[in-house]
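Worksheet for the structure shown next.
All residue numbers refer to positions in the sequence shown, counting from 1.
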Amino acid sequence: MSPALVGRLRRLEQSCRAGELIWIGEIFAELMQERERYANRDARFSPRKIVELVGELCIRSDAIRNDTGCVPQLFIRGSQADKLSTIGAARLVGLGCGVQVRQQSVLLTAYLQDPSGTVVAVCENFAVSGEDGNEPSFWQLAQKPVFKQVSLAALGAGQMLIQGGKRSPDYQFLPGRKPIAVSSQMFDWESLRSPLLVEDFHLLQMHSSLQPPASLRPRRLTENFHVFAISQVGNVKFSQDEQVVEAILEDSDRHQAILKFPYNSRSQEGTEALLEYLENRQLLFVAGQIYLSTEGLIITPVSLVFQTGETRTILQPWIHGLQSNSDQSDISTSRILPTNSTSHSPTPNPISLFLEQLLFALSELLLIGLERVDQDTVLTWQKTSDYGKSLGFTSFIDPINQLLALLGKKQSNENWNLQLSTQLVLEICILVNLAQEQN
């Protein structure tokens, strides 16, 4: 990407913000951030994220140009209210810290609610080594200070008194220059405000089923994050097939949701603790991200609050380590069979595997550029197309086959249509994004 094009895209970002295309401007900003990481050989650069950003950009642009009224334009475009805003003196209540594993980095996010009921996030993207055995545990990353010498583990479990700061359009909290004080909390989460606090699983499930795809909703880090009041827990187990901790949660009206916490070798202590706590302690609240599946409402927890005698304690399973709890030594580590076991390795979802292959092929294509396509690239796309056909895809495969035919012409030095190839790549990016949101 030439410096002239970079300058043009940066001007376009500002024009979009001024023209109330806030989320389009945010996408351009993130694309430029990824470009800088690539230029600086930053391990946090993610080719996969480039595909997702390009696909979302096309989806939102199409929906803006072809307004059917099905989704409010303020959802798709954003508004002037979605801008960098100032936060005054406030108390932010920690709601736990989650982890997102990327190709060469790990994103840790602590969630907090301010007095107005707004949930904000504090994020830190850690570059990690790709060499086996050298990756730090998640709890070790969570102990590192992120700002004002405060760690994400402390933010997730405590409360933060601030004298000012900023909130970005995607609801990330940016601290100001004044000192910040972090202290413990009592975990009286029944006082948290709605819609963060959910007491009825059925109502939330109905509301979520009416929501548009993520590519057409506000681009907020705290989207789909809730705190759930729990009445009862049952069927606690570790699924060897899915490599997740599972439990059935019930609200006060006996409506059910499913807790699923994925196993990762870098959070094994937290996974073991989660199993032990769910079976032997009284669960009061669960905080985490939600999604809908054929099984119903699924909750991926970032924190859980238990009643322990007269006090309440928090478990942050993603970042719970050997030093996180004094009774860690009482927890057995023999109940979880890691994914590297050949006898109990999880069966991959064929559709998810196809989407992963397609994401890889797209990311490589966007990384090298259409004009640098070689025979290896064509072979990768051919294998992806063949696998998709074997799963029964038809319409999904059509643009892939059209792109393959055009790339083949380029390889044979025939006249090929660069513009049509570009349009097909963008169309496939759209299909992958929408398919991921539905899978």
Under the criterion side-chain hydrogen bond (donor to acceptor under 3.5 Å, both in side chains), which of Arg60, Gln436, Glu437 is the partner of Ser215?
Glu437

Under 6.0 Å between ring centres, would you say that holds for Phe187 and Phe285?
no

Is it the case that the ring center of Phe75 lies less than 6.0 angstrom away from the ring center of Trp23?
no

Check the orientation of Phe201 and Phe228. Use parallel for under 30°, tilted for 30 to 60°, and perpendicular for over 60°.
tilted

Should the ring pair Tyr387 and Phe354 be called parallel, tilted or perpendicular, given that the plane angle runs from 0 to 90° and is split at 30 and 60?
tilted

Using modelled atom types only, decide if a donor and an acceptor are shared between the side chain of [X] and the backbone of [Y] within a distance under 3.5 Å.
| X | Y | result |
| --- | --- | --- |
| Arg102 | Arg44 | no |
| Ser208 | Leu204 | yes |
| Asn40 | Asp42 | no |
| Glu279 | Glu276 | no |
| Ser79 | Ala81 | yes |
| Glu223 | Arg220 | no |
| Asp114 | Leu92 | no |
| Ser46 | Lys49 | yes |
| Ser15 | Arg11 | yes |
| His320 | Glu269 | no |

Rounded distance [0.5 Å steps], CG in Leu108 versus CD in Glu124
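It comes to 8.5 Å.
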
Report the distance from atom OH of Tyr277 to atom CG of Leu304, rounding to the nearest 0.5 Å.
10.5 Å

Any heavy-atom pair between the side chains of [Y] and [X] that's under 4.5 Å?
| X | Y | result |
| --- | --- | --- |
| Leu292 | Leu297 | yes |
| Leu221 | Thr109 | no |
| Val302 | Leu95 | no |
| Gln73 | Ile64 | yes |
| Leu403 | Ser421 | yes |
| Leu424 | Leu406 | yes |
| Leu431 | Leu358 | no |
| Lys166 | Thr86 | yes |

Distance to the ring centre below 6.0 angstrom and angle to the axis at most 45 degrees; does that hold for Arg41 and Phe45?
no

Honestly, is Lys409 close enough over Trp416, meaning NZ or CZ under 6.0 Å from the six-membered ring centre and within 45° of the axis?
no

Would you check if there is a donor-acceptor pair between the side chains of Asp386 and Gln382 at a distance under 3.5 Å?
yes

Side-chain donor-acceptor contact under 3.5 Å, Thr377 with Asp374:
yes

Looking only at non-hydrogen atoms, find the nearest pair between [X] and [Y] and report the distance.
| X | Y | value |
| --- | --- | --- |
| Ala229 | Glu199 | CB-CG, 4.2 Å |
| Leu370 | Thr422 | CD1-OG1, 3.5 Å |
| Ile248 | Asn235 | CG1-ND2, 3.6 Å |
| Ala361 | Thr380 | CB-CG2, 4.1 Å |
| Gln143 | Ser151 | O-CB, 3.5 Å |
| Ile22 | Asp82 | CG2-O, 3.1 Å |

Any salt bridge linking Glu34 with Arg37? Criterion: basic side-chain nitrogen under 4.0 Å from a carboxylate oxygen.
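Counted as a salt bridge, because a side-chain N and a carboxylate O are separated by less than 4.0 Å.
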
Assess whether side chain to side chain contact (heavy atoms under 4.5 Å, CB included) is satisfied between Glu356 and Arg48, documenting all intermediate values.
CA-CA 10 Å; Glu356 286 293 330; Arg48 174 173 177 155; 2.9 Å; yes

With Gln159, which residues qualify under side-chain contact (heavy atoms from CB on, under 4.5 Å), at least two apart?
Arg91, Ser183, Gln185

Could you walk me through whether Asp253 and His202 satisfy the side chain to side chain contact (heavy atoms under 4.5 Å, CB included) test, starting with their C-alpha distance in whole Å, then the side-chain angles of each, then the deciding distance to 0.1 Å, before giving a yes or no?
CA-CA 9 Å; Asp253 293 325; His202 180 68; over 6 Å; no

Trace of the salt bridge (charged side-chain N to carboxylate O under 4.0 Å, His left out) decision for Glu30 with Arg219
CA-CA 12 Å; Glu30 291 187 27; Arg219 303 182 81 248; 3.1 Å; yes

Please report the C-alpha distance between Leu155 and Phe147 in whole Å, then the side-chain angles of each, then the deciding distance to 0.1 Å, and finally whether the side chain to side chain contact (heavy atoms under 4.5 Å, CB included) criterion is met.
CA-CA 11 Å; Leu155 290 179; Phe147 61 80; 4.0 Å; yes

Show the numbers, then the answer: is there a side chain to side chain contact (heavy atoms under 4.5 Å, CB included) between Leu274 and Leu278?
CA-CA 6 Å; Leu274 179 59; Leu278 286 173; 3.8 Å; yes

Return the set of residues passing side chain to side chain donor-acceptor pair (under 3.5 Å) with Glu26 (not counting sequence neighbours), or none when no residue passes.
Arg17

